[in-house]
Amino acid sequence: MATEKDKTKAAFGRREFLKIGSAGAVLGAAGIAAIPHKAAGEVLDKETKKAVIKPLEDFPVKISPDYKRFSQRNTVFSRAVGGIDPALAAKARTFERFETDESRPGFTRIDWALHHGSWAIEHAATPGSKFGMPNTGWYSWQQNLPEQRTNFLDLNYVNHERHEFTTKAEASAVIKRAARHFKADLVGIAPRNKMWDYDKHFVALNGQEIGWEEFPFKPKSVIVIGVEMDYENMATAPSYTVEGAIGEGYSQMAVTAFQLSVFLKNLGYKAVATGNDMGMSVPYGIAAGLGEGGRNGLLINYKYGPRFRIAKVYTDMDFVEYDKPVKFGVREFCKRCQRCADACPSKSIPKNVEPTMKPTHGGETWFNNPGVEKWYINAKTCFEYWCEGNNSCASCITSCPYNKPDFWHHKLVDKVSALMPGPVHSFMREMDIVFGYGDTFDEKAVKKFWADKDREYNGY
């Protein structure tokens, strides 16, 4: 028998769903007919997303009072690259081995070259950062003053005079506009929260742990940046080809975060760009209003799903308007969908319906940090599959129903899914499969990515 709470939820869903229909009525059939198809869809999407995306006052995930900050020493990358776990370190040494197969789409010499070309900037500009190593290259902690510049071309310095903004809203708008100019696809601002920062920094190459007392300033805000990964390329997962999207994402992270940090420094504020180091990106992304945590352990954004990379900029600037967390039905959808868990080659994604406060996968759990209500990924078996497959897999991103091109009718389906929870979620999952979205190990996707038909390179 339905409880009063269930009835309230159902009524809310129906009421909000009707708003979608009423938005179409307000626009009017004649009005919609007068607008080009794509534009009409975009107008409808803009009018109806208000019914789905709900801003929240508090962090939307339950945290245990016994929660403790996570030690970066216990990430899979630290244990493998740092040699803390000898067996894992031996497997890590086989990762990214030169091994191609010209008869296998996605694993040819051309795919391998795309892989390395895409990662090139990240490796050169922020060496080791993808493994979480701090204070490296463009992610350096150094806060030079103007007089410490080595030459007039060195623009990476903290101005003595601070720019004072008129309002917090103005400050946030300027930061976000600059971030978008520097090629960020997403940007949100959250207050610094020690809970989401690593307890200590870990340098995997030499096994050194560095305390926060050695950081050059006291951070007050964290600017969270999202960089979209190419949809067509991500469809090739898992392969060498998909490394093109992932590596390009990491390279653009480095460029965008570094440029934004220099922008803030030139305004007189201290700033450090970061990738996988210093703090956990998913909870910071949730706090900054960029999305919800999914079953696959990733941040799910309204527009891009999990198909984006996250960088952060720590700054001592706090005269800003912070973003609020949001919800748009991801958690409820993930309970029923489980498509990422089905697609995961290493079975590292749990299939328990409800999120939990501790791991449920059994075995070793040193790489998990209990005390947060979520689905706990087996990061060790995930990384072991990377080493075996010689690529970063990404099946959990490609298979996710939220990972689709940003077409208005897809967003309409997402709205229906968000506002009419329950059995509708299972139906939406099956329809995603029927229409061919989210296939992994798909050689046709590799051929489509490399196909030259209908491409243009000269602007016409």
Side-chain angles (χ1 to χ4, degrees), residues 6 9 13 52 60-62 229 231 234-238 242 282-283 285-286 291-302 304-308 327-363 365 367-368 370 372-386 389 392-405 410-411 413-442 445:
D6 292 332
K9 285 175 64 179
V52 176
V61 180
K62 187 183 298 182
M229 292 184 289
Y231 174 81
M234 289 301 303
T236 69
V242 81
V282 171
I286 293 173
E292 297 185 59
R295 176 181 291 275
N296 54 13
L298 302 171
L299 186 65
I300 310 294
N301 175 258
Y302 177 80
Y304 300 114
R307 189 172 32 87
F308 65 103
K327 64 180 297 184
F328 48 94
V330 171
R331 176 169 286 211
E332 291 304 314
F333 185 83
C334 285
K335 288 179 183 180
R336 286 181 174 265
C337 175
Q338 302 193 11
R339 196 169 181 202
C340 61
D342 291 337
C344 179
S346 60
K347 304 304 176 187
S348 300
I349 301 175
K351 299 201 72 174
N352 45 286
V353 174
E354 298 290 336
T356 58
M357 298 295 283
K358 61 182 180 181
T360 58
H361 51 69
T365 59
F367 44 79
N368 291 133
V372 179
E373 189 181 60
K374 63 177 184 177
W375 289 281
Y376 285 83
I377 308 302
N378 190 328
K380 183 180 180 183
T381 55
C382 174
F383 183 68
E384 286 175 334
Y385 180 80
W386 288 16
S392 302
C393 186
S395 294
C396 57
I397 298 175
T398 298
S399 61
C400 178
Y402 284 100
N403 170 44
K404 287 193 284 289
H410 291 154
K411 289 293 173 276
V413 170
D414 291 342
K415 292 182 180 72
V416 173
S417 182
L419 299 177
M420 302 290 283
V424 172
H425 289 167
S426 299
F427 175 74
M428 295 300 183
R429 174 192 188 277
E430 295 308 312
M431 287 300 97
D432 207 59
I433 295 172
V434 168
F435 285 103
Y437 291 110
D439 290 340
T440 55
F441 295 94
D442 186 0

Applying side chain to side chain contact (heavy atoms under 4.5 Å, CB included), run through Y376 and T360 and close with a yes or a no. CA-CA 7 Å; Y376 285 83; T360 58; 5.7 Å; no
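Between the side chain of N368 and the main chain of P370, no donor-acceptor pair closer than 3.5 Å is present. Judged by distance alone, the side chain of R295 and the main-chain N or O of P350 form a donor-acceptor pair under 3.5 Å. Using a distance-only test at 3.5 Å, with no hydrogens or angles considered, a donor-acceptor pair links the side chain of E292 to the main chain of V330.
Residues satisfying the side-chain hydrogen bond (donor to acceptor under 3.5 Å, both in side chains) test with Q338, not counting sequence neighbours, are none. Considering only residues two or more places apart in sequence or on other chains, N296 meets the side-chain hydrogen bond (donor to acceptor under 3.5 Å, both in side chains) condition with none of them. Under the ring-ring contact (aromatic ring centres under 6.0 Å, His included) criterion, Y385 pairs with no residue at all, not counting sequence neighbours. A search for side-chain hydrogen bond (donor to acceptor under 3.5 Å, both in side chains) contacts involving N301 returns nothing, not counting sequence neighbours. The side-chain hydrogen bond (donor to acceptor under 3.5 Å, both in side chains) search around S395 returns none, not counting sequence neighbours.
Taking the six-membered ring for Trp and thresholds of 30 and 60 degrees, F333 and Y402 have ring planes more than 60 degrees apart, a perpendicular arrangement.
Of all non-hydrogen atoms in C396 and C340, the two that sit nearest each other are O-CB, 4.0 Å. The nearest pair of heavy atoms linking L299 to G285 is CD2-CA, 3.7 Å. Y437 approaches R339 most closely through the heavy-atom pair O-NH1, 2.6 Å. When all heavy atoms are compared, the tightest approach of V282 to G297 is CG2-O, 3.8 Å. Scanning both residues, A445 and A235, for their nearest heavy atoms gives CB-O, 3.3 Å. Across every non-hydrogen atom of A394 and V242, the tightest pair is CB-CG2, 4.3 Å.
In this structure, CG in N403 is found 8.5 Å from CE in M229, a value given to the nearest 0.5 Å. Taking CE from M234 and CZ from R307, the interatomic distance works out to 8.0 Å, rounded to the nearest 0.5 Å. With rounding to the nearest 0.5 angstrom, the CD1 atom of I349 is 5.0 Å from the CD1 atom of I377. In this structure, N378 CG and S346 OG are separated by 7.5 Å, a value rounded to the nearest 0.5 Å. Rounding to the nearest 0.5 Å places NZ of K358 at 15.0 Å from NZ of K374. The OH atom of Y304 lies 14.5 Å from the CD1 atom of I397; values are rounded to the nearest 0.5 Å.
Residues P306 and C400 have side chains in contact (heavy-atom distance under 4.5 Å, counting atoms from C-beta outward). Annotation: side chain of P238 is in contact with side chain of T440 (closest heavy-atom distance under 4.5 Å). Within the 4.5 Å cutoff, no side-chain heavy atoms of T236 are placed close to those of D442. By the 4.5 Å heavy-atom criterion applied to side chains, P345 and C393 are counted as neighbours.
More than 12 non-hydrogen atoms from other residues, nucleotides or ligands lie less than 6.0 angstrom from NZ of K335.
Contacts classified as salt bridge (charged side-chain N to carboxylate O under 4.0 Å, His left out) and involving residues 340-349 (residues at least two apart or in different chains) are given here: D342-K351, D342-R429.
Salt-bridge formation is detected for the pair R331/E373: a Lys NZ or Arg NE/NH1/NH2 atom is positioned less than 4.0 Å from an Asp or Glu carboxylate oxygen.
Cation-pi geometry between K380 and F367 is not met: the NZ or CZ atom fails to fall both under 6.0 Å from the ring centre and inside 45° of the normal.
A side-chain donor-acceptor contact under 3.5 Å links S348 and T381.
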